[in-house]
Amino acid sequence: MRSVFYILLITLTLFSCGKKSHFEAIKDGNASKVNSGDIIIVSAGSVVSTVAPFPLHKIALFSPEGEFKFYLYEGRAGEFLYGAALDPVTKDLLFSIENVDRVDKVDLESLIVTSSIIDVNLSGTTIRAVATLNDGSVVIAESPTVIEKFSASGVRATAPFPLTVPTAIQNIKAISGNRFIVTFTNTPDAPQVYNADGTLAGTFQSTSPCGTNCDPWDVVELPDGRFVVNSRITHGLYLYSATFTYIGVLYLDTTVLQMPTGMTLLSNGNLLVCNNSFNTCEEIVISGNSGTRAGKFPLIKDSATARQPQSVLVVP
Amino acid sequence: MLNFGGSFTYANILGQNEPPTYKGMGAFGEAEYLIPFSRSNALSFIGTYQTNSLANTANDELIKESLKTSYAGVGLKLYFEKLFISLTTGKLNFKDTVRGETEKEITTKETAYELGVGYRFRITNMVGLIMSVHALRAGMDPDHGSGFNSDYEYLQYRAAIGVNIIIPSTGSKP
C-alpha cells in the first residue's frame, strides 16, 4: 500500500514538472478578436485579383505566432487596396482604396468599417500609401507624386501641402519626431524624410550595394533610432544611422527574401519583412549590425490569405 | 455505511500538444450498502458524489483559469479485509472559467468512470478512517458542451481522506 502511494506521488510530481499550458479551447476566444501583438497584412496591388500576380486585395489578421485569424476587410469589386497605417490616437486601422479614391478605417475593437477620408482632392492616378502622424493627422499619396495631408478631424491641410515630390512614390512611413519617410520607385530613389509641416528634414544617403537604383519599398525605425531600408532590386535589408548615414548590409539571402515589401517591428522586437516573390513574411532577429533569420521557416506563409503582401503592421 | 471527507485533486486534459494541468482540493460523500460474502470480505453497492475546485498550474497575472468539477456516480466496492477497490460510473459536470486577458467559460457534462483503491482504519466499532486514491476518466465531446470544438480526454486523480461511519443494519459488518 505504501509503495502504491509513493508511485502515485512520484507520478504526480513528474506530471507537474512538464511545460505548463492553458486549455487550448481558450484560444477560441482570442481567435475572433484583435489582440495586442497581432499582425495585420494588406495584400494589395495595381491589378485585379484574377490577373497575375493575383493580389488578394484583402486585409488579413494573424496571431503573433503567424496563424491566420480572420479578414479585417475584403475589397469589393473594383477596389484596389494599397497602403495602411494605424492611427496612434484612435488606434483605428486606416487603409487606402484606389478606384474609389478614399481612405477607410476599421475600428479594431468593434471591427466596424467606416469611411475616414473622402475628398475630391484624392482623385489622382493611383491613390496609394497612407501614414498617420503623432497627432492623428493623415498623409496620403493621392497620386504618384503628390502627397495630401488631412488633420485628425478630416480638414485638408494647405500650403505647403499638397506636396509634390521628385519622383513616383512607393510608400510613406511615419517615424519618430512627428516625421514621415517617403520611398520612391524611380531614380534617384533615396528615401526622403519630411517634417509634419511638409518641410524636408533629410535624405537617406544613397551609398549602398544597389547604388542609386534600389527601389526601396519600406523603412523601419528601430528603437535605438537606426533605420532599416529594404531594396526590391538587390533584395536586401540595409542599415542606416539615425542621421540617415549608410552603415551596411543587415540581411541578404535571396533564398529567403526576394522583392521585400512591407516591414514592421514585432511585439518581441524582431523585424518582420514580407516579400512578393515568395508571398511570405520572415522574422529577422537583429543583433548589433547583423540580422539573422528566426528559425528555418517563414513566420507567415499562406498565399491563400496573404498574397502580394504590400503593407504589414503590428497591433500595439 | 457513510463516507465523507476531503481530497487533494490533480487533473489534466489530453488532446492538445501540451496538456494543461490543474491542482486543487475537493470534497466527497458516499453511501454504501454492504453485503458480506465471507468472514472478512464484502461487496458493497455505492453511490458517490464529489466536487473539486482546481486551478491551472500555468496561471499568472495575465490569465487565470479555474476548473470546477462535480461527479455523481454509482458502482461497486470490493472489500478484502480492510483493503478495498471500487469502480463507479456516472456523470461528470465540467466547468472551466478563464478570467484576465481572455474571458471565457467552457462547460460540458460527460459520462465518467472512476477507479479507486483504499484502506479503512478502524477507530471504533462504528467509525473508521479511510484513505484512498482514485483515477477518473471522461471523454469530452464538443457536442455535449460549449466553448470547445475538438475531442479531449479529462483525467482526474484524487488522494482522499475521510471518515467512515457504519450505520447498523442486518448483515452490514465490514
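Source: prediction; values computed, not measured. Residue numbering restarts at 1 for every chain, and letters A, B, ... go by the order of the sequence lines.
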J.: More than 12 heavy atoms of other residues, nucleotides or ligands under 6.0 Å from OH of B:Tyr113: is that the case?
T.: no
J.: With the side chain counted from C-beta on, respond yes when B:Glu65 and A:Ile26 share a heavy-atom pair under 4.5 Å apart, and no when they do not.
T.: yes
J.: Should we say atom NZ of B:Lys64 is surrounded by more than 12 heavy atoms from elsewhere, each under 6.0 Å from it?
T.: yes
J.: Is the shortest side-chain heavy-atom distance between B:Asn56 and A:Lys20 below 4.5 Å?
T.: no
J.: B:Ile63, B:Asp96, B:Leu67: which one forms the most heavy-atom pairs within less than 4.5 Å of chain A?
T.: B:Ile63
J.: How are the rings of B:Phe148 and A:Phe23 set relative to one another: parallel (under 30°), tilted (30 to 60°) or perpendicular (over 60°)?
T.: tilted
J.: Are more than 12 heavy atoms, taken from residues, nucleotides or ligands other than B:Phe8, located less than 6.0 Å from that residue's CZ atom?
T.: no
J.: Flag yes if more than 12 heavy atoms outside A:Lys301 fall under 6.0 Å of its NZ atom; otherwise flag no.
T.: no
J.: Mind listing the closest non-hydrogen atom pair of A:Ser21 and B:Pro20 along with its distance?
T.: O-CB, 3.2 Å
J.: Distance check, rounded to the nearest 0.5 Å: B:Asp60 atom CG versus A:His22 atom NE2?
T.: 5.5 Å
J.: Measure from the side-chain N and O atoms of A:Glu24 to the backbone N and O of B:Gln16, and report whether any donor-acceptor pair falls under 3.5 Å.
T.: no
